[in-house]
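Read the numbers this way: they start at 1 and go in the same order the structure lists the ligands and their atoms.
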Amino acid sequence: MTSSSIRGIARIVRGMPTSDGAGVKLTRVIGQRQLADLDPFLMLDEFGTDNPGDYIAGFPDHPHRGFETVTYMLDGRMRHRDNHGHEGVLVPGSVQWMTAGRGIVHSEMPEQQEGRMRGFQLWINLPAKDKMTAPKYQEFGPERIPAVTVDGARVKVIAGRVEGVDGPIAQPATDPTYLDIALDPGVRFSHALPDGHAAFLFVYEGAVRVGEEEHAVTVDTHQLAVLTDGDTVRLEGAASGKDTAAQPARAILVAGRPLREPVAKYGPFVMNTREELMQAFEDFQSGRF
Ligand code: FE2
């Protein structure tokens, strides 16, 4: 017999409405007062709207240095273009894992005038040794993201491994897990995560019960659960408090190895020291990105 420890919930956080870019309305879930960060995760934004006025202004040219941005599109199309000649369109179900490293300047603009735009952007820190690495993209269309069904749970594996199926993303520094999970009410899904990795579940449709059966706690739509330590996550699709219809729950489960390094952060620059931050400003202003 092996004993496993089931991860519970350390806290539940709801995002704060905010706007970014040229006036895009979004919900900041990590990177706001209630949850300033969750090492190695610096920020999580959920965007989701049917109103073009909320997204049409997009994110014109802006810089990044010292970390990674991960964009996962659920609905809508977004064009990105950077100062190194990299350009493309993110379509529904696609993932862009961008290692900004020593610096890029890019724009992220809606490639549509109407309809729904929905997805997530997650910022993941890089360790000191990788902050000034060359910029790099890991970009995958929906057909490249493996989908696995485990006892009724439908799981898209962006990063990490489910039932021997590996997601396409490689990042040895933080060894991330990024799963998109759909659970009908009553359907259960257990997943092993390295003990010590920071982990969260963000529910974006329906509701999910998290934890050991008799102590499971319901996480509702648009709530993020920070998970306690342990080696296994146990989830079960639940009927949402607001919605009695048998709607499947959908959630992202994200985990990664904490870096435990000092963080010096200002807007789109995330370094280890104040001196490095000032250098980042100087390099950006003098066109060295
Ligand atoms: Fe960006």
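- Each of Trp123, Phe269, Phe289 was checked for a ring pair (Phe, Tyr, Trp, His ring centres under 6.0 Å) with His64, and the lone residue meeting it is Trp123.
- Checked by atom type, the side-chain pair Asn125/Lys131 shows a donor-acceptor distance below 3.5 Å.
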Apply side-chain hydrogen bond (donor to acceptor under 3.5 Å, both in side chains) to Gln279 and Asp283, showing your working. CA-CA 6 Å; Gln279 187 66 52; Asp283 288 351; 2.9 Å; yes
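- In summary, of the residues considered (His84, His62, His86, His80), a ring pair (Phe, Tyr, Trp, His ring centres under 6.0 Å) with His106 occurs for His62 alone.
- Other residues, nucleotides and ligands contribute only 12 or fewer heavy atoms inside 6.0 Å of the CD atom of Glu114.
- Annotation: protein N, O or S atoms under 2.8 Å of the Fe ion (ligand 1) (waters excluded) comprise His62 NE2, His64 NE2, His106 NE2, Glu108 OE1.
- Between Asp180 and the choices Val254, Ile145, Leu74, Val95, the side-chain contact (heavy atoms from CB on, under 4.5 Å) rule is met once, by Leu74.
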